Amino acid sequence: VIASPYPPNIGLFNNPTSFPDLDFVVPWLDEPLRLHKRIMVAASTLMEEQLGKRSGGTERFDWFFVSFKAADRKALVKVLRFCYGEPLTVGTEDGDCCAVLAALFRLQATCVRKVAPHLVEYAVAQARRDVAVGAALLAASAGYAECCNSLWCTLD
């Protein structure tokens, strides 16, 4: 569990009564997530680049990383909730740790350089404790460029 460095705004996450002004469209969700530009721009360099200079009514942002893995879908929502101040809970099942790392890097979370080393350290510790977990994490990491590149992290 990693404490969020962002202000505690989790009550506003996808809450239509909180005056959201950002439709965050994710291909595998039936409806857009109703978020807040101010919160997302403060937490994400990607969102700042895409929306930072815009003002006015409700904006639409289409998540352009397509995935068919359940772990990726869960990880993106976890990371978005993390941006709203919720602690980030990460495990090793189904490549969760790798998917969360990828989501953090893809969203360009402003805290990714501080959070990623903790996640890598956790994954390595779990791999050392159980070789089967290590093998599964290694296989999962191979599916994410973000986990296999010295520019991001080298979990592989």
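Being a predicted model, the structure only gives us computed values, none of them experimental.
Separating the OG atom in Ser44 from the CG atom in Leu35 is a distance of 11.0 Å, to the nearest 0.5 Å. Considering CZ of Arg113 and CD of Gln108, their distance stands at 10.0 Å, rounded to 0.5 Å. The distance from atom CZ of Phe24 to atom CG of Leu80, rounded to the nearest 0.5 Å, is 5.0 Å.
The minimum heavy-atom distance linking Arg106 with Leu46 is given by the pair O-CD2, 3.5 Å. The two residues Met47 and Leu22 come nearest to each other via the heavy atoms CE-CD2, 3.7 Å. The nearest pair of heavy atoms linking Val90 to Tyr122 is O-OH, 3.7 Å. When all heavy atoms of Ala99 and Ala71 are compared, the closest pair comes out as CB-O, 3.6 Å. Closest heavy-atom contact between Pro5 and Cys111: CG-CB, 3.7 Å. The shortest heavy-atom contact between Gly143 and Lys69 is O-NZ, 4.1 Å.
Salt bridge Asp72/Lys74: absent, no basic N to carboxylate O contact under 4.0 Å. Ion pairing between a basic and an acidic side chain is recognised when a charged N comes within 4.0 Å of a carboxylate O; Asp96 and Lys78 show such pairing.
Under the 4.5 Å side-chain heavy-atom criterion for ILVMFWY residues, no single connected hydrophobic cluster contains both Val124 and Tyr144. In the hydrophobic cluster analysis, where Ile, Leu, Val, Met, Phe, Trp and Tyr join through side-chain heavy atoms closer than 4.5 angstrom, Val26 is grouped together with Met40. Leu76 is not connected to Val25 by any chain of hydrophobic side-chain contacts under 4.5 Å among Ile, Leu, Val, Met, Phe, Trp and Tyr, and they are in different clusters. Taken together through direct or relayed side-chain contacts under 4.5 Å among Ile, Leu, Val, Met, Phe, Trp and Tyr, Leu33 and Leu107 form part of one hydrophobic cluster.
Side chain of Ser18 to main chain of Asn15: a donor-acceptor pair is present (N/O by atom type, distance under 3.5 Å, no hydrogens or angles). When atom types are taken as modelled, the side chain of Thr89 and the backbone of Val1 share no donor-acceptor pair closer than 3.5 angstrom. Put simply, the side chain of Asp130 gets close to the backbone of Ala132: a donor and an acceptor are under 3.5 Å apart. Looking only at distances, no side-chain donor or acceptor of Asn9 sits under 3.5 Å from a matching main-chain atom of Tyr84.
Residues passing the side chain to side chain donor-acceptor pair (under 3.5 Å) test with Arg128: none are found, sequence neighbours excluded. Judged as a ring pair (Phe, Tyr, Trp, His ring centres under 6.0 Å), and not counting sequence neighbours, the contacts of Phe65 are Trp63.
Judged by the 6.0 Å and 45° rule, Lys37 forms no cation-pi pair with Phe61.
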Take Ser141 and Leu138 through the test side chain to side chain contact (heavy atoms under 4.5 Å, CB included) and record every step on the way to the result. CA-CA 5 Å; Ser141 72; Leu138 183 58; 4.0 Å; yes

Check the pair Val120, Leu101 against side chain to side chain contact (heavy atoms under 4.5 Å, CB included), reporting the backbone distance first and the verdict last. CA-CA 9 Å; Val120 170; Leu101 274 165; 4.2 Å; yes

Evaluate Ile10 against Arg81 for side chain to side chain contact (heavy atoms under 4.5 Å, CB included), listing each step before the verdict. CA-CA 7 Å; Ile10 195 61; Arg81 293 178 67 86; 3.7 Å; yes

Report the C-alpha distance between Glu59 and Leu51 in whole Å, list the side-chain angles of each, state the deciding distance to 0.1 Å, and finish with yes or no for side chain to side chain contact (heavy atoms under 4.5 Å, CB included). CA-CA 8 Å; Glu59 295 284 343; Leu51 304 171; 4.1 Å; yes

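Residue Phe19 qualifies as open at atom CZ: its count of foreign heavy atoms under 6.0 Å is 12 or below.
With Val41 as the partner, the side-chain contact (heavy atoms from CB on, under 4.5 Å) test is satisfied by one option alone out of Gln50, Glu48, His36: Glu48.
The aromatic rings of Phe82 and Tyr6 sit perpendicular to each other, their planes meeting at more than 60°, with 30° as the lower class boundary.
Looking at heavy atoms from C-beta onward, Pro87 lies out of side-chain contact with Ser4 at the 4.5 angstrom threshold.
Other members of the cluster containing Val133 are Leu137, with ILVMFWY side chains joined at under 4.5 Å, either directly or via other members.
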